[in-house]
Amino acid sequence: MKNQQLALFTVRPDLTRIGSLPTGSNPGMARYCESVLLDHAARHGWSSRLTNVVGQSLDVLQAFQATPGSMIKASDAASVLNQRGLTVESTLEVLAAAELLDDDRVPAIRAYFLVQTRELPAAMRAQLETWYAVMVEGTTVAPRRRPRDHRTVRAQLAGMLPCLRSWAEMGHSSLAEISREQVLDALPESGPSRLTAAQGLRSLFRILKSRKELFINPAAGVSPGIRGQSIPLPVDTQTIQDALNAPDPARALSVALVAFHGVTARQVSSILLTDVSDGILTIGRRAIPLAAPVRVRLAAYLDHRARQWPETTNPYLLVNRRSAPRDTPVDARYPWKKIPLAPRPLREDRILHEVFATGGDVRQICDLFGMSINAAMRYGSALDHPALSCDTPSGS
């Protein structure tokens, strides 16, 4: 952390008077941030309008710098900027680039964790904190673990919370008191709830034992049950055609990529501009020759992007108003919000069509869509389903 002069005591600024402060009331900060702002705006292709708005936001935030060089809390900045309808995220980026941001915001996954575990005994909460830190941040200490996706952390925590609460109600204050029999008794008998609960508990006890907070792992070898295997079903052809002809070029392109090539929604949002060259899309080790309807929609979208954000330096193919001023991908849900068609059924429709076209060649399905053998077998079972026939899939 940079050196700074600490304040003797803290006085929170009067938010009702900040708007009346004269511009330049903290000229040192203003001059310093102006150069950082202009450099940041130039490197990220910001419009003059966005640059000016961020400049106004920085003028307002001068009152939050108690002493020269002191940090400005992100929560304070977000509060006052939201009240005045000024941009928050871009302003915080400039403050961070100027090394003046104290980012005290609580991530959504952290807030969820704190709310859901606050009623548990202190010792149990401390053990869950160990699990949470390893899951969210990963660890380089053996056994090493990579950080998990926040959605995985949330799902596993939600799955095992009923078990944890039942043990707390029984008078247990620590997970070290839990036996294998109690794990088996607490798990639901079957279904998705058993699967998520078992996955969460096995992860929790495995991490605690590896950190030597437990002598034994009571969830070792506990079966999560059998994951339900549903048969993929085709999607109505007219629904797909309507989505392919969506007036928004980004949505039409996203639908085309999934409908013709079976890519996932997350893969669509992660495609870089450099991943598309000479009509070939590269995703990992897969080189996908784009179908003619996809190339038409790709060209239309690129023209739209060039007109809408001519100066953006965002390296991703899909951009929107939120991502254009920075180098981050769009949310995977963004292109699908105004389409009455979810990406997963659309992808299943495409794979199902290929299954019937190839007679259920599992190896070819794996190679074409980057799937595992087990995942491809789920689609292969559709060949024997009485409700489906070789002409059922839409053939999108």
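Sequential numbering from 1 along the given sequence is applied to the chain's residues. Everything numeric here is computed off the predicted structure, so don't read it as measured data.
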Test of understanding: with side chain to side chain contact (heavy atoms under 4.5 Å, CB included), list the residues that count as partners of Pro293, not counting sequence neighbours. Phe260, Ala291, Arg297

Identify, with sequence neighbours excluded, every residue that meets ring-ring contact (aromatic ring centres under 6.0 Å, His included) alongside His44. His40

Are the side chains of Ile207 and Arg145 in contact, using a 4.5 Å heavy-atom criterion? yes

Side-chain heavy atoms of Leu37 within contact of Val54, under 4.5 Å: yes

Salt bridge (Lys or Arg N to Asp or Glu O under 4.0 Å) partners for Arg154, two or more places apart: none

Step by step, work out the salt bridge (charged side-chain N to carboxylate O under 4.0 Å, His left out) result for Arg125 and Glu129. CA-CA 6 Å; Arg125 286 202 311 271; Glu129 285 282 1; over 6 Å; no

So which heavy atom on Ala219 is nearest to which on Leu201, and how close? CB-O, 4.0 Å

Test of understanding: with salt bridge (Lys or Arg N to Asp or Glu O under 4.0 Å), list the residues that count as partners of Arg251, not counting sequence neighbours. Asp248

Are the side chains of Asn314 and Trp309 in touch, meaning some heavy atoms are under 4.5 Å apart? no

Sequence neighbours excluded, the answer for ring-ring contact (aromatic ring centres under 6.0 Å, His included) partners of Tyr132 is Phe113

Glu354 side chain near Phe369 side chain, heavy-atom distance below 4.5 Å: yes

Is it true that, when you exclude Arg333 itself, more than 12 heavy atoms of the residues, nucleotides or ligands shown sit nearer than 6.0 Å to its CZ? no

Go through the steps to decide whether Asp303 and Arg307 satisfy the test salt bridge (charged side-chain N to carboxylate O under 4.0 Å, His left out), and finish with yes or no. CA-CA 6 Å; Asp303 289 342; Arg307 290 192 303 270; 5.1 Å; no

What side-chain donor-acceptor pairs closer than 3.5 Å can you find for residues 157-175, not counting sequence neighbours?
from: Arg165; atom 1: NH2; to: Gln116; atom 2: O; distance (Å): 3.2
from: Arg165; atom 1: NH2; to: Gln116; atom 2: OE1; distance (Å): 2.9
from: Ser166; atom 1: OG; to: Pro162; atom 2: O; distance (Å): 3.4
from: Ser166; atom 1: OG; to: Cys163; atom 2: O; distance (Å): 2.7
from: His172; atom 1: ND1; to: Glu177; atom 2: OE1; distance (Å): 3.0
from: His172; atom 1: NE2; to: Gln182; atom 2: NE2; distance (Å): 2.9
from: Ser173; atom 1: OG; to: Glu177; atom 2: OE2; distance (Å): 3.3
from: Ser174; atom 1: OG; to: Gln127; atom 2: NE2; distance (Å): 2.9
from: Ser174; atom 1: OG; to: Ala176; atom 2: N; distance (Å): 3.1

